[in-house]
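As structure tokens, the structure follows; a few thoughts come after it.
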Amino acid sequence: MSPTRPTTANVFIASFIHAVLILSAPHLHAQATNYADKPPLLLGAAWYPEQWPESRWEKDLSEMAAAHIDVVRVGEFAWSTMEPSEGQYDFGWLERAIDLAAKHHVCVVLGTPTAAPPAWLTTKYPETLRWDENGVRDEHGNREQFSFTDPKYRQLAHDIAEQMAIHFGHNPNVVGWQLDNEYSAPSFDPTAKEQFHRWLEKKYVTVAELNRHWAAAYWSQSYDNFDEIPVREDGENPALLLEWKRFVSETWKSYSENQISAIRPHADSRQFITTNTMGWFDGFNEYTVHSVLDIAAWDDYIPTDNYDYIANGAAHDLTRGYKQKNFWVMETEPAFVNWRKTNTPLLKGQVRDMAWQAIGHGAEAVEYWQWRSAPNGQEEYHGVLVGADGTPVPVYEEIKKTGEEFAKAGSALAGTAPHAEVALVNDFPSRWAIDFQRHSADFDPVGEMLAFYRPLREQSQCVDMISIDAPLDGYKVVELPGLNVISQAIADRLMAYVRNGGHLLLGPRSAMKDKYNALQPERQPGPLADFLGGRVDQFYALDQKVPVTGDLGSGTANIWAEQLSVQSPDTKVIATYGKSNGWLDDQPVVITRHVGQGSITYVGAWLDEALLSDLTTGLLAEAGVKPILPGVPQGVEVCRRSGQGKSVLILINHNTEQEHVALPSPMRDLIGSQDSISAVDLAPYGVAVLSYEK
Ligand code: GAL
């Protein structure tokens, strides 16, 4: 061990010296973090001072301040600059960068640099490198080449995080911490395998129990001991695949805890700890990982040529659901990225549109990636605010305008959040289970979630996306588009919700599996079938549209169709299939049963947009859910945040034409004239932020 590497003893001494410094130099550190005094809405950028001469920083920061940038994220790839050789730390530059940012009223989120280990580390400790599923060890280069289980890597990650926290845990200009960067690839190294086996052993206790739940007699999979179990993420027993994902989730959680245990003891309690997630990425269970984080944050990039604002809003709601409170957009694109095949830009106006959408869905901060083009490196073509020459690029002005508006509307939005009457359940085990065995190639579980989300959002104008473990009582409608994996305990909670007057909607493939990814012993929806008074007699993959008719009107189903039957006289068929493969002809596709004031509805197919929309209309009417602002033109998004006696509407025109919106009562225009207005004309991609008495 290097003499300068911290041991428990010298960490203690460092903490002691640090404490003495704090007491003896109150102007330096005695002030608590100024997080609470920062603007309520933060505009920010990822800044990499280590890539530039120090003489340049002042100019960058004054250009940031001029654009109302109040926060920078710093450090998340700077390990080789912070610890140039093992145990030799250099935080002087970072301290000076943070102090200079403070001078310009720009606060800091510090990233722990563990997504990019330095070359000395992977050279000296090659065991820290990640293994892929086929046993090939990564080489140094690029980033994210580490193993998330390796004990040496965990120790080195702990050490650098701890050293950072010792230096900056009480720096008043540091408002929070980002752990690592976009957790993603697991490792299949020997330690990971060993840990997976022990994890299984702890869970099942005996291998006989595992064999029973996994039906291991099938294809002679029966194991004599846990060490025989293969470690794969594809092509294995679905029970194994599901457990592997759960293990990976627990491992990212403990990966986080390792760094949290390094930071928390040295950090002001008001400095939050988070990590930046990736929307619908399903590599691990976000609810598991977020159980140890203070807030949720995500990186909002548009994956295709078109900005689908409803899908983007859904990902905001998904992220808000991780902690069921407001969140941060830790990164977003200043008009374009560099990693799609053709990196078309957002249209002029859409960057501001997206920023306000984030706020409307509960973001507290929106940070652009990145401030300035790096002088070299893999991302030279990425969108920025300031070019390689150091002067602003055209989108800077749009972002500056957004910053001015954040500053104007901030106090009205402080302490407010979206509040929904309807919820949509996102369940990772169910998404994984469907994805392992899609059966119909186009059955994308996220696509299915979005199909249900779309009309729900358009008609109610506010949706919570929650985990199946979240309380349901506050919601008038709860939709479970694809709760494929269900336990008796969950079924009991869902039935109690309906008995208490809730309206429950189940989508296709619901309640087919138990928590071991085994088929339920009853037909779908398994433990809910009796309660529904109906069941799935057979499921079919579709490669063409099937007609559907009934109380909902006429339309089609595609991709997936379940043949339903009704077992109880008070279970009503509300739609049936028309002529198709013979099996489905005239059979029920949507059935519903009232239970007291509540209801349970089962939709057995992937219905077209119009049918799903009509179904949603009926359900919301029955449950008494009304839109926040009725009668707005299609393409105008309505968001409401309320709290502390305040209500604020954010209206965003995602259309390319001007739109007129009449307001039900006079409202104060927070980012325009500041006057009271009773109607608003929204330019293409225009935004209005309006406060009113409720
Ligand atoms: C993110 C990543 C950033 C940067 C960005 C480019 O996924 O966290 O470091 O690479 O993509 O779009």
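First listed ligand is number 1; within each ligand, the first listed atom is number 1. All values below were derived from every heavy atom in this structure, side-chain atoms included, with hydrogens, water molecules and symmetry-related copies excluded.
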May I ask you to decide whether [X] forms a salt bridge with [Y], counting only side-chain N to carboxylate O separations under 4.0 Å?
| X | Y | result |
| --- | --- | --- |
| E243 | R246 | yes |
| E144 | R130 | no |
| E50 | R96 | no |
| E63 | R56 | yes |
| K124 | E86 | yes |

**Report entry** Geometric cation-pi criterion R232 and W244, 6.0 Å radius, 45° cone
**Finding:**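 So R232 doesn't make the cation-pi contact.
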Value for CZ (R143) from CD (Q378), rounded to nearest 0.5 Å, stands at 8.0 Å
- request: Report the part of Q370 in contact with ligand 1, treating N, CA, C, O as backbone and CB onward as side chain, heavy atoms under 4.0 Å; options are side chain, backbone, both, neither.
  value: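 Within the 4.0 Å criterion, Q370 makes no contact with ligand 1.
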Going by the 4.0 angstrom heavy-atom rule, the piece of E144 near ligand 1 is neither
Just to confirm my output: which protein heavy-atom neighbour is closest to [atom], and how far is it?
| atom | answer |
| --- | --- |
| atom 4 (C) of ligand 1 | E379 OE2, 3.1 Å |
| atom 3 (C) of ligand 1 | E331 OE1, 3.3 Å |
| atom 6 (C) of ligand 1 | H382 NE2, 3.2 Å |
| atom 7 (O) of ligand 1 | E182 OE1, 2.5 Å |
| atom 9 (O) of ligand 1 | R143 NH1, 2.9 Å |
| atom 5 (C) of ligand 1 | Y301 OH, 3.4 Å |

Can you list the ligand 1 atoms lying under 4.0 Å from a non-hydrogen atom of [X]?
| X | answer |
| --- | --- |
| N181 | 2 (C), 8 (O), 9 (O) |
| F77 | 9 (O) |
| D299 | 8 (O) |

Nitrogen or oxygen atoms of E76 and ligand 1 under 3.5 Å apart: no
Flag yes if more than 12 heavy atoms outside H105 fall under 6.0 Å of its NE2 atom; otherwise flag no. no
